[in-house]
A.B. asks: 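Pasting a structure here, questions to come.
What you see is a predicted model; the values in this text were computed from it and never measured.
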Amino acid sequence: MVEMFAAENGLKGDARLQAISNAIRVVPHFPKQGIMFQDITTLLLDHKAFKNTVDIFVDRYKDMDISVVAGVEARGFMFGPTIALAIGAKFVPLRKPKKLPGEVIAEAYELEYRSDCLEMHVGAVEAGERAIVIDDLVATGGTLSAAISLLERVGAEVVECACVIGLREVKGQRRLNGKPLYILVEPREIDSC
Amino acid sequence: MLQRALIFSSSNPICSQLSTTAPPDNTVFPKRNGGWIIPFSSYQLPAFRFRNYRRTLLPPLCSASDSAANRPNMASQDEQDPRISNISSAIRVIPDFPKPGIIFQDITTLLLDTKAFRDTIDLFVERYRGKDISVVAGIEARGFIFGPPIALAIGAKFVPMRKPNKLPGEVLSEEYSLEYGKDTMEMHVDAVKAGERALIIDDLVATGGTLSAAIRLLECVGVHVVECACVIELPELKGRERLGGKPLFVLVSST
């Protein structure tokens with residue numbers, strides 16, 4: 001598994017990354033005690049930082065012959081479509097169960113205390129297409145792993161997973177089925193504001 | 001948002017000439033005014049369809065304060081924008097979802113058509129650019145797909161309006177009615193400031209309940225809602241009349 005942080009892959013010293021990191025609000029103890037929630041809604045309020053976030057992904061993927069941007073519900077929807085439009089790819093929403101109205105394929109994945117399920121429309125992606133998966137944050141990689149499975153089951157090639165925020169190390173190995181992961185920033189522990 | 005539509009038989013003689021055999025399960029097709037349409041790649045919508053269509057569409061009630069809205073708030077207006085036809089064709093209609101009797105307007109097929117998706121965003125951006133709009137509020141979850149590209153293009157912030165307990169910070173909540181029961185919409189308190197000018201975006205307007213809740217949330221902190229914008233309107237459900245006088249702009253009106 002290859003994990004790449006933008007600052008170590010061509011964007012060393014890029015001032016945009018610090019501004020993106022600063023625009024993310026840390027909310028302690030949400031949704032429960034002990035979790036420092038990385039709130040990207042404040043990034044969406046900062047037009048320049050939001051645009052830079054999208055631009056960094058667009059610059060990376062625009063010449064990689066990507067025809068599918070798959071976004072994980074719901075925060076992946078906030079980043080994925082703009083990237084898809086800019087690189088000329090389709091946007092494919094990966095959704096919680098029973099939201100997509102057409103025929104779907106489903107992939108279960110584990111959360112801390114229960115399992116959940118991700119669905120994709122049959123026919124949205126064709127065999128041989130090159131895809132990226134977008135979400136706001138990666139933790140254990142369970143959700144991304146399910147997303148990769150869905151795309152691979154229909155014969156697409158998942159080129160990379162892309163997230164705004166990701167931990168440098170997670171307890172044990174991050175499950176990404178061997179796919180590379182590209183991350184812009186690490187989480188902050190406390191709010192610097 | 002709530003999706004409801006009535007099933008009614010086609011009264012459009014043009015449609016009765018179209019194929020009525022059921023298409024294969026994996027066919028993507030639009031359904032307008034009754035009758036199935038064979039795969040859109042092989043079908044050209046006749047020009048007169050839209051003339052019949054517009055004649056049945058009443059001009060909307062527009063806010064008296066919006067002098068620019070003295071015309072139907074639809075992208076088609078008096079001459080059909082050439083992009084609308086492809087946008088409309090790219091929307092898949094799925095009967096009996098989420099339950100029998102409901103005809104679901106599926107925009108995911110629009111998102112697969114790169115040109116039609118781009119044109120959709122462009123139509124909104126052309127309308128709202130340069131209008132001093134600083135907030136684009138998008139309603140969970142399909143409003144999250146259309147809102148951010150528009151916000152980024154017009155230089156506005158994007159504010160997600162979410163189901164309960166998703167937003168981590170301090171929120172304002174607004175209850176609204178569904179067909180059976182109620183739901184709640186939330187917005188971060190500090191996302192917007194009094195005096196800002198806002199758009200509200202969702203994929204579809206039916207009864208207007210969801211949009212009205214969003215209007216109330218924004219207005220209660222002193223934001224001026226300039227307009228509500230949706231890709232699709234279901235006019236029979238009269239959502240347009242339930243927006244407290246706020247104008248509604250749509251690209252496609254589906255009867």
A.B. asks: With a 4.5 angstrom heavy-atom cut-off, is it the side chain or the backbone of A:F50 that approaches chain B, or both, or neither?
C.D. replies: both
A.B. asks: Considering only heavy atoms, which portion of A:K48 lies under 4.5 Å from any heavy atom of chain B: side chain, backbone, both, or neither?
C.D. replies: neither
A.B. asks: Is A:V122 close to chain B through its backbone or its side chain, or both, or neither, when contacts mean heavy atoms under 4.5 Å?
C.D. replies: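 Neither part.
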A.B. asks: In this structure, are over 12 heavy atoms from other groups packed under 6.0 Å from A:E8 atom CD?
C.D. replies: yes
A.B. asks: Among B:T114, B:I94, B:L152, who wins on heavy-atom pairs under 4.5 Å with chain A?
C.D. replies: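 Sorted descending by pairs with chain A, the first entry is B:L152.
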A.B. asks: At a heavy-atom distance under 4.5 Å, which candidate from A:K99, A:M78, A:K51, A:R95 has the highest pair count against chain B?
C.D. replies: A:M78
A.B. asks: For chain A, which candidate among B:G138, B:G147, B:A156 shows the most heavy-atom pairs at distances under 4.5 Å?
C.D. replies: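 Most pairs with chain A among the choices: B:A156.
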A.B. asks: For A:A74 versus B:R162, what's the shortest heavy-atom pair and its separation?
C.D. replies: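 What the structure gives for the nearest pair is CB-NH2, 3.4 Å.
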A.B. asks: Under 4.5 Å from any heavy atom of chain B, what part of A:H121 do you find: side chain, backbone, both or neither?
C.D. replies: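 Just its side chain gets close to chain B.
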A.B. asks: Side chains of A:L45 and B:H188: closer than 4.5 Å at any heavy-atom pair?
C.D. replies: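 Answer no - side chains too far apart.
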A.B. asks: Please check if atom NZ in A:K98 has more than 12 non-hydrogen atoms from other residues, nucleotides or ligands closer than 6.0 Å.
C.D. replies: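 No, the 6.0 Å shell around NZ holds no more than 12 heavy atoms from other groups.
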A.B. asks: At a heavy-atom separation under 4.5 Å, does B:P168 approach chain A through its side chain, its backbone, both, or neither?
C.D. replies: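 Both the backbone and the side chain of B:P168 come within 4.5 Å of chain A.
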A.B. asks: Do other residues, nucleotides or ligands put more than 12 heavy atoms under 6.0 Å from the NZ atom of B:K193?
C.D. replies: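 Count not over threshold, so no.
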A.B. asks: Would you say the side chain of B:T108 lies within less than 4.5 Å of the side chain of A:P93, judging by non-hydrogen atoms?
C.D. replies: yes
A.B. asks: Taking all non-hydrogen atoms of both residues into account, name the closest pair between A:E73 and B:A141 and its distance.
C.D. replies: OE2-CB, 4.2 Å
A.B. asks: For A:F30, is it the side chain, the backbone, both, or neither that has a heavy atom closer than 4.5 Å to a heavy atom of chain B?
C.D. replies: side chain
A.B. asks: Shorter than 4.5 Å, heavy atoms on both sides: which option in B:D190, B:I121, B:V135, B:V192 has the most such pairs with chain A?
C.D. replies: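 Ranked by contacts with chain A, first place is B:D190.
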A.B. asks: Side chain, backbone, both or neither: which part of A:A84 has a non-hydrogen atom closer than 4.5 Å to chain B?
C.D. replies: neither
A.B. asks: Which pair of non-hydrogen atoms, one from A:P101 and one from B:F97, has the smallest distance, and what is that distance?
C.D. replies: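 So the two residues come closest at CB-CD2, 3.4 Å.
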A.B. asks: Once you round to the nearest 0.5 Å, how far does CZ of B:F144 lie from CZ of A:R75?
C.D. replies: 9.0 Å
A.B. asks: Between B:L110, B:N165, B:I145, B:D106, which shows the greatest number of heavy-atom pairs under 4.5 Å with chain A?
C.D. replies: B:I145
A.B. asks: Can you tell which part of B:K115 gets under 4.5 Å to a heavy atom of chain A, answering side chain, backbone, both or neither?
C.D. replies: neither
A.B. asks: Less than 4.5 Å apart, any side-chain heavy atom of A:V92 and any of B:L112?
C.D. replies: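 A:V92 reaches B:L112 side chain to side chain.
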